[in-house]
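Here's the structure we're looking at; comments come further down.
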Amino acid sequence: MARQDDQARRDELYRDPYPLYARARRAEGLTYVPEFDAWLVARDQDVREVLLRAGDFSSARALLPDVSLSEAALGVLPRGFGPRPTVVSSDGAAHRRHRAPLNRGLSAGRVAALLPYARTCAGELVDGFAADGSAELVEAYARRLPGMVVGRLIGLDPADVPAAVHGGYRAEELLFRPLSPEGQVAAAEDVVALQHLLDGYVRDRRERPRDDMCSTMVAALAPGDAELTLEQRHELVTSLQNLLIAGFLTTSALIGTMLLHLLEDPRRWRLLRADPSLIPAAVEEAVRHDTAIQAFRRTTTRAVTLAGTRLPAGATLLVAYGSANRDEQRYERADEFDVTRPGSRQHLAFGYGPHGCPGSQLARDQLRLTLDLFVRRMPELRLDRDRPRPQMRPTLIHRSPQALYVTW
Ligand code: HEM
């Protein structure tokens with residue numbers, strides 16, 4: 001019972017962490033938050049400092065799971081691949097090694113070349129429900145487009161994308177949601193299936209490289225053309241799984257949250273509809289105001305003082321991009337979603353410093369093309385008031401509405 005109460009409290013906090021952030025920004029020094037088992041870094045200036053001082057604040061445990069796995073689930077995972085350190089969870093030279101192929105594969109030119117495909121996919125998704133007059137947009141659109149786009153980036157056959165997307169959501173559930181022991185086993189089996197799917201691509205691209213991110217990663221992380229060792233396959237599959245998840249769960253979440261905030265006050269939607277040139281600023285505001293990745297962790301590598309708080313080596317910090325973006329010292333009316341706020345890319349929704357998001361342009365482009373398309377195809381879009389108010393999913397890593405029922 002006590003455990004259920006703890007979980008309920010944590011879910012509540014995850015659904016709306018903003019009051020806690022605001023208290024932490026006002027408090028002296030850092031605030032220790034037992035629910036996070038970490039020191040909360042809440043102010044814009046302090047978040048920037050941690051992200052820049054990567055030597056003092058390690059990323060090795062950036063993505064610590066929220067739940068512990070049962071013996072049974074732990075017994076399933078070795079049938080798959082990994083875990084191995086990836087770009088998000090490595091530091092220094094190891095991080096640069098992982099990062100180099102991502103920078104190449106997500107260059108401005110590469111992203112621009114993906115956009116016609118993204119636009120076609122988005123248009124076809126809307127064609128699928130436009131005549132209905134109502135839809136649930138999380139399932140019908142937000143959870144679909146980014147998977148198709150990242151699948152194309154990696155080089156997945158479109159027929160494999162639904163399985164890859166399913167596997168990505170199951171990995172998130174396994175590590176971040178309290179499942180029953182049987183639920184954990186089933187999720188672990190789905191994750192193993194995803195890893196075998198990715199391993200097939202890794203081995204294929206070793207033999208027949210193509211112009212895709214999978215081939216770029218194979219060539220960079222396992223140079224040469226000898227048959228891949230098992231260890232290389234473990235590393236490549238873990239890295240590809242990480243890229244897949246980083247690439248679509250985030251963007252899907254933010255498409256949902258952005259649409260929610262634009263529609264919950266119909267004046268915002270009317271503004272965009274009347275003047276679509278506001279779309280880039282509206283996207284930037286959506287990313288700042290209620291971002292998908294609220295926080296990642298860092299661990300101190302030595303004793304340090306941050307914001308006046310002394311921390312020993314090995315201390316865990318929760319670095320809250322989502323709180324920094326509401327810092328009143330940096331933004332006027334920071335809690336307000338204002339589509340006319342002059343679009344500034346200075347927020348921290350995509351991180352900062354060496355681990356800053358290499359996919360931010362691809363994410364922004366998908367958010368923009370979604371609004372361009374929806375304003376044009378469904379100008380009368382509004383929340384379905386006959387449905388309960390959308391509720392946020394209880395998570396800090398892919399914050400989004402659970403469902404978004406709309407009519408037009
Ligand atoms: C709205 C969508 C997105 C948001 C809010 C977001 C946010 C972030 C943030 C905050 C980080 C920094 C992590 C840290 O400080 O440790 C990050 C890193 C990363 N993102 Fe994104 N991201 C998004 C979309 C994407 C896309 C579309 C891709 C790729 C296709 C991507 C790939 C990555 C990767 C690989 C990293 C790790 C970089 C590193 O550790 O060096 N993200 N993202």
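Counting starts at 1 for both ligands and their atoms, following the listed order.
Distances below 4.0 Å separate heavy atoms of Phe296 from the following atoms of ligand 1: 13 (C), 14 (C), 16 (O). Atom numbering of ligand 1 starts at 1 in the shown order; those under 4.0 Å from a heavy atom of Ile293 are 7 (C), 8 (C). Listed by number with element, the atoms of ligand 1 under 4.0 Å from a non-hydrogen atom of Leu102 are 35 (C). Within ligand 1, the atoms closer than 4.0 Å to a non-hydrogen atom of His95 are 39 (C), 40 (O), 41 (O), numbered from 1 in the order shown. Under a 4.0 Å criterion applied to the non-hydrogen atoms of Thr251, ligand 1 contributes the atoms 2 (C), 24 (C), 27 (C). Counting the atoms of ligand 1 from 1 in the order shown, those under 4.0 Å from a heavy atom of Leu254 are 1 (C).
Side-chain contact between Trp269 and Leu381: present, with at least one pair of heavy atoms (C-beta onward) separated by less than 4.5 Å. Within the 4.5 Å cutoff, side-chain heavy atoms of His95 are placed close to those of Val87. Using a 4.5 Å cut-off on side-chain heavy atoms (C-beta onward), Glu284 and Arg364 make contact. In this structure the side chain of Leu383 reaches within 4.5 angstrom of the side chain of Glu264, judged on heavy atoms. Residues Leu145 and Phe248 are not in side-chain contact: their nearest non-hydrogen atoms beyond the backbone lie 4.5 Å or more apart. You'll find the side chain of Leu318 reaches within 4.5 Å of the side chain of Leu396, heavy atoms only.
Using a 4.0 Å heavy-atom cutoff, Arg298 is listed among the residues neighbouring ligand 1. Residue contact check for ligand 1: Arg364 places no non-hydrogen atom closer than 4.0 Å to it. The shortest separation from a heavy atom of Pro358 to ligand 1 is under 4.0 Å, placing the residue in contact.
Asn242 and Ser239 share no donor-acceptor pair across their side chains, judged by distance under 3.5 Å alone.
When each of Thr250, Thr291, Asp290 is checked for a side chain to side chain donor-acceptor pair (under 3.5 Å) with Arg399, only Asp290 meets the rule.
Side chain of Arg233 to backbone of Leu228: no donor-acceptor contact under 3.5 angstrom is found.
Rounded to the nearest 0.5 angstrom, Gln366 CD and Gln361 CD are separated by 11.0 Å. Going from atom CG of Asp44 over to atom CZ of Arg25 covers 10.0 Å, rounded to the nearest 0.5 Å.
A cation-pi arrangement is present between Arg326 and Tyr18, with the terminal nitrogen or guanidinium carbon under 6.0 Å from the aromatic centre and inside a 45° cone about the axis.
Between Glu231 and Arg84 a salt bridge is recorded (basic side-chain N to carboxylate O distance below 4.0 Å).
Both the backbone and the side chain of Val88 come within 4.0 Å of ligand 1, counting heavy atoms alone. Under 4.0 Å from ligand 1, not a single heavy atom of Ala62 appears. Within the 4.0 Å heavy-atom criterion, both parts of Phe350, backbone and side chain, lie near ligand 1. Using a 4.0 Å cut-off between heavy atoms, Tyr352 makes no contact with ligand 1 at all.
Compare Ala349, Ala363, Pro354 by their heavy atoms: the one nearest to atom 7 (C) of ligand 1 is in Ala349. Residue Arg99 holds the heavy atom nearest to atom 38 (C) of ligand 1 of all those in Arg297, Arg99, Gln366, His398. Comparing heavy-atom distances from atom 21 (Fe) of ligand 1 across Pro146, Ser360, Cys357 singles out Cys357 as nearest.
Inclusion of Tyr321 in the set of residues having an N or O under 3.5 Å from an N or O of ligand 1 is warranted. No N or O atom of Thr291 sits closer than 3.5 Å to an N or O atom of ligand 1. Residue Gly247 has no N or O atom closer than 3.5 Å to an N or O atom of ligand 1.
Ranking the protein heavy atoms by distance from atom 24 (C) of ligand 1 puts Thr250 OG1, 3.3 Å first. The closest protein non-hydrogen atom to atom 32 (C) of ligand 1 is Ala246 CB, 3.7 Å. Counting only heavy atoms of the protein, atom 40 (O) of ligand 1 lies nearest to His355 ND1, 2.6 Å.
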